[in-house]
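Note sheet for the following structure.
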Amino acid sequence: MDLDLRKLRYFVAVAEHLNFGRAAEALHIAQPVLSRQIRALETELKVRLFDRSSKGTVLTPGGEQLLADARPLLAQASALLRRVGVADTFTVGFMPGLIVTPAARLLASRHPGLRVDVRRTTWDDQVEVIHDGRVDAGYVRLPVPADGLRIVPLFEEPRVAVLPATHRLAGKESVLEADLSGERRVQHTDTPGIRSVEEKLEHVAMHGGVAILPLSTATFYSREDLVHVPIEDIAPNEVALAWAAHRHTPLIAEFAEIVTATARQA
């Protein structure tokens, strides 16, 4: 037997009000319609759900059991509908400087009606937004905590020193880490209140020092009062695609294939 969720909602309304008239008003339907639906449900279940008398309406033992079971069932159904309601959206996270448009556009072109959104992340939340479902998959800059994630390495890119345009090293073709010895490092882990690339760059421009960034990030945020210089002997930044390990959806798998193919062609 297929259980009709609409009839079940009608039943719960009557059970909560213990009055067909008030339940019908709450449901915005006519009372005779509600009565017919409840009778139909009783017929389907082969059990009487309510006893009605001059003293009022009360639940039968069968009705009490159905009410106990119906509430969590309807809650689960509502949660399912919410998930289905957002299933036509796929959200991609990305760290500053990374370009996700080609892969996102290709995914959208394969699925008419699918809305592909993007969300800029930071060092602080690039993994958090994956775990809590705000993004379906994210372009992350390693290292990240790997617990609960599937991680597919994509590519590496050099890191550069971002300096004021007037800095003594500003005209160099490249530098070594030793050349930066003694320079104040402007990193979000070391400088309270700095959480974004924009804040780092403003801090360097106003107060001096050096910020070490991936090349694509420094290029994306290029400005006249700052320069970036390659660092020869520092490890490159690794970029990867990550998603929650417990999620095995076809869209995530397809997007991962698109992204890895795009990275190989680059």
Side-chain angles (χ1 to χ4, degrees), residues 1-93 100 104-121 125 128-138 148 243-256 258:
M1 180 192 67
D2 294 327
L3 191 59
D4 187 331
L5 291 180
R6 182 184 60 176
K7 291 191 183 78
L8 201 58
R9 283 193 292 271
Y10 289 173
F11 160 74
V12 170
V14 176
E16 289 177 343
H17 288 86
L18 290 178
N19 183 287
F20 276 75
R22 288 196 295 271
E25 289 178 6
L27 293 167
H28 305 290
I29 62 174
Q31 183 174 334
V33 173
L34 178 59
S35 296
R36 286 197 298 271
Q37 292 294 319
I38 296 300
R39 284 197 299 271
L41 181 61
E42 289 177 325
T43 299
E44 292 170 7
L45 297 177
K46 298 181 175 60
V47 65
R48 193 174 74 257
L49 300 172
F50 297 99
D51 280 331
R52 284 183 279 184
S53 68
S54 58
K55 295 181 180 180
T57 301
V58 295
L59 284 164
T60 65
E64 290 177 353
Q65 182 61 58
L66 181 60
L67 180 60
D69 294 335
R71 282 172 170 153
L73 179 60
L74 289 174
Q76 292 172 14
S78 296
L80 173 62
L81 291 174
R82 283 195 300 272
R83 291 195 295 271
V84 170
V86 299
D88 59 350
T89 300
F90 188 91
T91 304
V92 180
V100 302
R105 184 182 290 131
L106 181 54
L107 182 69
S109 71
R110 292 182 179 180
H111 299 274
L114 177 68
R115 176 187 174 91
V116 180
D117 283 339
V118 295
R119 182 187 185 98
R120 178 188 181 277
T121 61
D125 69 1
E128 177 184 321
V129 296
I130 297 172
H131 286 308
D132 67 19
R134 280 178 283 173
V135 306
D136 295 285
W243 63 93
H246 70 275
R247 298 191 63 191
H248 306 285
T249 71
L251 273 179
I252 291 178
E254 183 177 0
F255 186 68
I258 290 172

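For the numbers below, each heavy atom of this structure counts, side chains included, while hydrogens, waters and symmetry mates do not. Since the model is a prediction, treat every value here as computed from it, not as a measurement.
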- Message: Taking the side chain as everything from C-beta on, heavy atoms only, tell me whether Asp136 gets closer than 4.5 Å to Phe255.
- Response: no
- Message: Just verifying a value: how many Å separate Thr60 OG1 and Arg48 CZ, rounded to the nearest 0.5 Å?
- Response: 6.0 Å
- Just one of Leu59, Asp69, Val58 clears the side-chain contact (heavy atoms from CB on, under 4.5 Å) bar with Glu64, so which one? Leu59
- Item | Trp243/Thr249 under side chain to side chain contact (heavy atoms under 4.5 Å, CB included): CA gap, chis, key distance, verdict | CA-CA 11 Å; Trp243 63 93; Thr249 71; over 6 Å; no
- Interatomic distance, Leu107 atom CG to Arg105 atom CZ [nearest 0.5 angstrom]: 12.5 Å
- Note on the structure: So CG of Leu5 and CZ of Arg9: to nearest 0.5 Å the spacing works out to 6.0 Å
- Query: Would Glu25 and His17 count as having a side-chain donor-acceptor pair, cut-off 3.5 Å?
  - Reply: no
- Task: Calculate, to the nearest 0.5 Å, the distance between atoms CD1 and CZ belonging to Ile258 and Arg110 respectively.
- Result: 4.0 Å
- Item | CA sep, side-chain torsions, deciding dist, call: Arg119, Asp117, salt bridge (Lys or Arg N to Asp or Glu O under 4.0 Å) | CA-CA 7 Å; Arg119 182 187 185 98; Asp117 283 339; over 6 Å; no
Under 3.5 Å, which donor-acceptor pairs do the side chains of residues 34-42 form with other protein atoms, sequence neighbours left out?
unit_1: Ser35; atom_1: OG; unit_2: Gln31; atom_2: O; d: 3.2
unit_1: Glu42; atom_1: OE2; unit_2: Leu49; atom_2: N; d: 2.8

- Task: State, to 0.1 Å, how close Ala24 and Ala30 come at their nearest heavy-atom pair, and which atoms those are.
- Result: CB-C, 4.1 Å
Determine all donor-acceptor pairs shorter than 3.5 Å in which one atom belongs to a side chain in residues 128-135; sequence neighbours excluded.
unit_1: Glu128; atom_1: OE2; unit_2: Arg134; atom_2: NH2; d: 2.8
unit_1: Asp132; atom_1: OD1; unit_2: Arg134; atom_2: N; d: 3.0
unit_1: Asp132; atom_1: OD1; unit_2: Arg134; atom_2: NE; d: 3.1
unit_1: Asp132; atom_1: OD2; unit_2: Arg134; atom_2: NE; d: 2.8
unit_1: Asp132; atom_1: OD2; unit_2: Arg134; atom_2: NH2; d: 2.7

- Message: Under a 3.5 Å distance rule, please check whether Thr121 uses its side chain to pair with a backbone N or O of Gly93 as donor and acceptor.
- Response: no
- Note on the structure: Output for pair (Leu74 CG, Phe11 CZ), nearest 0.5 Å, gives 10.0 Å
- For the student: nearest non-hydrogen atoms of Ala137 and Phe90, plus distance: CB-CZ, 4.4 Å
